[in-house]
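Everything on this sheet refers to the single structure shown next.
For this chain, numbers begin at 1 and follow the sequence in order.
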Amino acid sequence: MSLAPRLDIRQSQSLVMTPQLQQAIKLLALSNLEIEGFIAEEVERNPLLEASAVEDSDAPDREPVAEVRDERVAADELVAGTGAGDEPTLDVDYATESHQQDSIADGGSGMDGALSMTGAGAGAGGAGGEDGPDLDAFADTSLSLADHLLAQAGPAIHREDAFIAAHLIDQIDEAGYLTVSLLDIANRLGVPLVRVEGVLATIQTFDPTGVGARDLAECLALQAREADRYDPCIARLIDNLDLLARGELTRLKRMCDVDDEDMADMIRELRGYDPKPGCRYGGEPAQSVTPDLFVARTKAGWAIEINATTLPRVLVNRSYYTELSRGQQDKASKAWLSDCLASANWLVKALDQRQRTIIKVATEIVKQQEAFFLKGVAHLRPLTLRQVADAIEMHESTVSRVTSNKYVSCARGLYELKYFFTSAIQSADGGEAVSAQAVKSAIKALIDTEGAKILSDDTLVELLNAKGFDIARRTVAKYREALGIGSSVQRRRARALEGG
């Protein structure tokens, strides 16, 4: 082996992704609301970009993005980027080290003309404009639990103990519970433990009732005292919540020295208390999900439509570019202006390509799951990302990005696009496999109608096999737990508590 220096020539191929292409691929995984924020940043940065909201009055002027039969060629040319100066297609698996580019023959199978695709806007209704304003949006959520407690502590706590109260309130979590030992607080503040206990006792009288408790039993006891129901019987019941959770009513009745009627009355009383009183304050309001797509049944088939109410119309102000380019400019200014124009053109094209790609993927999903849209979840078919990717001749990673954080609104409700991808359960009679969601729906239906006779997992397996589902007991248990349904023992105890 020679140790002398030498020069070698090697030839290799690699895909070099520009920052714009990487950003364009990432746009696929963003929802419409996230895209709106991205567009706002680009408009602020680029003087040649303009964004205008899509008004409902523009609805008659909207043109379809692509018709499966008539305009397929034009759509494919844009998605494939066949022009000489075009950017590469977005269908790239850049997560791998080799950055291998896959097939972009997006002109693959269509839907027999039965599916029409519309990239226009909110004709399908959008996020509830006709139902009037959402009154929950006007709720005052600025007051946190800590602020609410501190406001009550001012007149109720002695000035010398104000710092103890402030420290205790700071240690109360969002549910209203004190999460730190009083002894630790006393040592940390250098004050006697009895003084800290006295301040906590005062805080426990604040609104909401039950705040400052150290566990569930103390929280319920505080609320029982406030309701003047804290007698020795209910005190024993609260001290033995573990027995109540296990449904040992006979033992509890003996311990509390009450009959069936009194026990039922005490249980109803406890159920009326709030186990998390602090959650009334400081929580974030529930955010409604805005659909990214609309699917509707028409005479011609299925209409799939982008929700343009969340997407501003992006335009390139070419007249402003012409005006700027006519003025006297140095080399750096000309280069900057050219970069702004190129960036603006890229953004318009990337957004249009994104919409077409989303429509293309959603079209195939509707085609594969047409039975679901017609008949319901029981007819949901097993489907994988690979099946959709193969059908539309795109990469699986592209389909995964498109279906991330996207929601579709249809006659059956609002669903995430990922919802339509489920694993397969083989049929007991050797027929066509069914989806896991369909099996979950069948399990829930059986349990909802089980009546007085609680169905065990073994019984559920037998009933599902009778319906044609070849499923094991452990799978039934897994699906039942995923649905948030307790075991037969837990349901039997809950039924006993309700009847008790």
Please set out all donor-acceptor pairs under 3.5 angstrom arising from side-chain atoms of residues 243-257, sequence neighbours excluded.
residue : atom : partner : partner atom : Å
Arg246  : NE   : Glu248  : OE2          : 3.0
Lys253  : NZ   : Asp260  : OD1          : 2.3

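- Looking at Asp184 and Arg188, no side-chain N of the basic residue comes within less than 4.0 Å of a carboxylate O on the acidic one, giving no salt bridge.
- Side-chain contact between Leu464 and Val476 is present, with at least one heavy-atom pair separated by less than 4.5 Å.
- No donor-acceptor distance shorter than 3.5 angstrom exists from the side chain of Asn405 to the backbone of Leu30, with no hydrogens or angles considered.
- Pairs engaging residues 406-421 under the salt bridge (Lys or Arg N to Asp or Glu O under 4.0 Å) rule: none recorded [sequence neighbours left out].
- Inter-residue side-chain proximity for Val408 and Tyr419 is flagged as unmet; no heavy-atom pair is nearer than 4.5 Å.
- Shown here are the ring pair (Phe, Tyr, Trp, His ring centres under 6.0 Å) partners of Tyr273, two or more places apart in sequence or in another chain: there are none.
- Shown here are the side chain to side chain contact (heavy atoms under 4.5 Å, CB included) partners of Ala436, two or more places apart in sequence or in another chain: Ser423, Tyr479.
- Between Tyr415 and the options Tyr407, Phe372, Phe421, Phe373, a ring-ring contact (aromatic ring centres under 6.0 Å, His included) holds for only Phe372.
- Side chains of Leu49 and Leu315 form no contact here, defined as non-hydrogen atoms less than 4.5 Å apart.
- To the nearest 0.5 angstrom, Leu446 atom CG is 9.5 Å from Ser441 atom OG.
- A search for side-chain hydrogen bond (donor to acceptor under 3.5 Å, both in side chains) contacts involving Lys478 returns nothing, not counting sequence neighbours.
- Taking 4.5 Å as the limit, some side-chain heavy atom of Leu200 sits within range of a side-chain heavy atom of Gln204.
- For Asp242, there are no side-chain hydrogen bond (donor to acceptor under 3.5 Å, both in side chains) partners two or more places apart in sequence or in a different chain.
- Here Asp207 pairs with His148, Tyr281 under the side-chain hydrogen bond (donor to acceptor under 3.5 Å, both in side chains) rule; sequence neighbours left out.
- Side-chain atoms of Arg401 and Thr357 form no donor-acceptor pair, as typed in the model, at a separation below 3.5 Å.
- Qualifying salt bridge (Lys or Arg N to Asp or Glu O under 4.0 Å) partners for Asp228, counting only residues two or more places apart in sequence or in other chains: none.
- Pairs of residues two or more places apart, or lying in two chains, that qualify as salt bridge (Lys or Arg N to Asp or Glu O under 4.0 Å) and include a residue from residues 190-200 are Asp161-Arg195.
- By the salt bridge (Lys or Arg N to Asp or Glu O under 4.0 Å) test, Glu269 pairs with Arg229, sequence neighbours left out.
- For residues 152-197, no pair satisfies ring-ring contact (aromatic ring centres under 6.0 Å, His included), with sequence neighbours left out.
- For Thr459, the side-chain hydrogen bond (donor to acceptor under 3.5 Å, both in side chains) criterion is met by Ser456, not counting sequence neighbours.
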